[in-house]
Amino acid sequence: MEQVAVLDTTQLEEDYLAHLWPPFTQMRGLKPIIMDRAEGAVVYDTEGNAYIDAFASLWTVNVGHGRQEIFDAIKAQMDKLAIYHIFQIGNVPSIRLAAKVGGLLPGDLNHVFLTLGGGESVETAVKMARQYHRNRGNGTKYMVLFRDRAFHGTTMTSTSAQGLSLNRAKFEPLLPGFVKIGAPYCYRCAWGKTYGDDCKMECAAAVDREIAFYGPENVGTLLGETVMGTGGVIPPPPEYWPMVCDICRANDVLVINDEVITGFGRTGTWFGFQQFGSTPDLVTLAKGMSSGYQPLGAVVARDHVFEAFLGGPGDTFMSGATFNGHPLCSAAGLANLEIIEREHLVERCAEVGPYMQEGLKTLLEHPIVGDVRGVGLVAGIEFVQDKQTKEWFPPDVAAAAKVRDEALRLGVFVRLLSFGNVIALAPPFIISKEQIDTVVRVLDESIGMVEKQLGY
């Protein structure tokens, strides 16, 4: 009988703490959970504990874990051509992937610049926007508008467009020319308005005011997640993106929609901006593009942006990296997108997403749950100590973190978002309704347990 190798978890923990320096992690006092294997919507640690992966690793594993088709595609490509750059040349899977992505996007979003992830995509898109204006003789249009609570990655450019002070403060001074504006965060409106009552879409009008203040000759780009993710899972009101795009178009300001989280089906349409009425000039993609089976991302440009780079050597887009268009990553992306199409997983998000949202809404019965919001298979639960005032818990109470930890103990993995008062869900598209019921039940129990601890 074949023996199954037993992992030395003690040695793994020691090596983790001694040698592996993970992102966004305080190592002092850390008791690591080490994941070992996964299948479908379930992930297993080295102790054999099973967890429903209600966050798809990091908003990523759209088609679920353990897809043999993707493994096979990577292996088949490895047997032919494992690595070759695409500077002035091409390789078969990168060309096919670019054509596939261009075909999925609407209108003239046709030109696909491949990257290895979301932060690199944002970095590239901002550089592309700046050079676009320079190539057209408008080199002063370098300023970038971004929103409060935004998260676009951790490169220096994306950190400069970081709307979460916790994630940017340690790295200041950051790049010049980045201007923060208010977010379309209806639960905590920066203008003190109530949507559907006295709201006049001040969040969108703020774009016009900031462009006028700094001068349309200086403002070149607006960068925004279609649905804000790490900042709290914040879907905008339906009027927001059409108004913003009209304002930007009137001032020759390029709109970049960050679709790293919402791209490839999570909201119930192939791309979130299709649902929210945006008409971006540039789109950033990653995560669901390969479901995380290989590092992969992209920036996609409209014809008018691409055409600004045609001409002499001085017009060439002067950016790139060795692994852009990597054959193995591209092969993984193609296989992933074929699964999404073949299994109608975008349509499944449109069907199962409302089921998840309705289940999570039942958690509003808890006194510490202030808001539940989301779209498709992405949702956020915001915790407050008083529903009337919407006051957050003091940081040392860490109510949301306690709920996350209790849910993990009960076998459900959710994510605490970066300002510490929201937990997020973004499960694989193949999650079953029965697994969603389990997630809701576990969260209900976990919130109840924390409420008892806090004296509610």
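All residue numbers refer to positions in the sequence shown, counting from 1. Just so it is clear, the structure is predicted and the values come from calculations on it, not from any experiment. Only heavy atoms go into these numbers, but all of them, side chains included; no hydrogens, no water, no symmetry mates.
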Novice: One thing to verify: whether R168 and E172 come together as a salt bridge, which I'm taking to mean a side-chain N less than 4.0 angstrom from a carboxylate O.
Specialist: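 Yes, this pair counts.
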
Novice: With sequence neighbours excluded, what pairs up with H85 under the ring-ring contact (aromatic ring centres under 6.0 Å, His included) test?
Specialist: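 Once residues adjacent in sequence are excluded, the partners of H85 under the ring-ring contact (aromatic ring centres under 6.0 Å, His included) criterion are F87.
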
Novice: If you measure only the distance, is there a donor-acceptor pair under 3.5 Å linking the side chains of N336 and S290?
Specialist: no

Novice: Under a 4.0 Å N-O cut-off, is there an ion pair linking K390 with E382?
Specialist: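 Looking at K390 and E382, the cut-off is not met.
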
Novice: Looking just at side-chain N and O atoms, do E120 and N324 make a donor-acceptor pair shorter than 3.5 Å?
Specialist: yes

Novice: Can you find a heavy atom in the side chain of I381 that is under 4.5 Å from one in the side chain of L363?
Specialist: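 Result yes, sub-4.5 Å side-chain heavy-atom pair found.
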
Novice: Tell me every residue that passes ring-ring contact (aromatic ring centres under 6.0 Å, His included) with W59, counting only those two or more places apart in sequence or in another chain.
Specialist: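 ring-ring contact (aromatic ring centres under 6.0 Å, His included) list for W59, sorted by chain: F55.
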
Novice: Any chance the side chains of R249 and T279 put a donor and an acceptor closer than 3.5 Å?
Specialist: yes

Novice: List, one per line, each side-chain donor-acceptor pair under 3.5 Å for residues 95-107, sequence neighbours excluded.
Specialist:
unit_1: K100; atom_1: NZ; unit_2: E341; atom_2: OE1; d: 2.7

Novice: Does a donor on one side chain sit under 3.5 Å from an acceptor on the other, for T155 and S158?
Specialist: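 Distance-only check passes for T155 and S158.
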
Novice: Main chain of G380, side chain of R373: is a donor-acceptor contact present, judged purely on distance under 3.5 Å?
Specialist: no

Novice: Verify the distance criterion only: is there a donor paired with an acceptor across the side chains of S291 and N62 at less than 3.5 Å?
Specialist: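 No.
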
Novice: So does F413 get a backbone contact from the side chain of R404, meaning a donor-acceptor N/O pair under 3.5 Å?
Specialist: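 Absent.
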
Novice: With sequence neighbours excluded, what pairs up with D208 under the side chain to side chain donor-acceptor pair (under 3.5 Å) test?
Specialist: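 D208: no side chain to side chain donor-acceptor pair (under 3.5 Å) contacts found.
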
Novice: For the residue pair F264 and W270, categorise the inter-ring angle as parallel (less than 30°), tilted (30 to 60°) or perpendicular (more than 60°).
Specialist: perpendicular

Novice: With the threshold set at 4.0 Å, does a side-chain nitrogen-carboxylate oxygen contact exist between R67 and E343?
Specialist: yes

Novice: Going by distance alone, is a donor N or O of one side chain under 3.5 Å from an acceptor N or O of the other, for T154 and T159?
Specialist: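 No pair is found: no donor N or O on one side chain lies under 3.5 Å from an acceptor on the other.
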
Novice: With no hydrogens and no angle check, is any side-chain donor or acceptor of Y293 less than 3.5 Å from a backbone partner on G66?
Specialist: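 Flag set: sc Y293 to bb G66 pair under 3.5 Å.
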
Novice: Write out all pairs satisfying ring pair (Phe, Tyr, Trp, His ring centres under 6.0 Å) with one or both partners inside residues 174-219, taking only residues at least two apart or from two chains.
Specialist: none

Novice: Between the side chains of E217 and T140, is a donor N or O closer than 3.5 angstrom to an acceptor N or O?
Specialist: no

Novice: Taking only residues two or more places apart in sequence, or in another chain, which ones meet H133 in a ring-ring contact (aromatic ring centres under 6.0 Å, His included)?
Specialist: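 For H133, no residue satisfies ring-ring contact (aromatic ring centres under 6.0 Å, His included) once neighbours in sequence are set aside.
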
Novice: For the pair F309 and F317, name the ring-plane relationship: parallel under 30°, tilted 30 to 60°, perpendicular over 60°.
Specialist: perpendicular

Novice: Can a salt bridge be assigned to the pair D79 and K75 using a cut-off of 4.0 Å between side-chain N and carboxylate O?
Specialist: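 Looking at K75 together with D79, the answer is yes, because their closest N to O distance falls below 4.0 Å.
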
Novice: Measure from NZ or CZ of R149 to the centre of the six-membered ring of F419 and say whether it is under 6.0 Å with the direction within 45° of the ring axis.
Specialist: yes

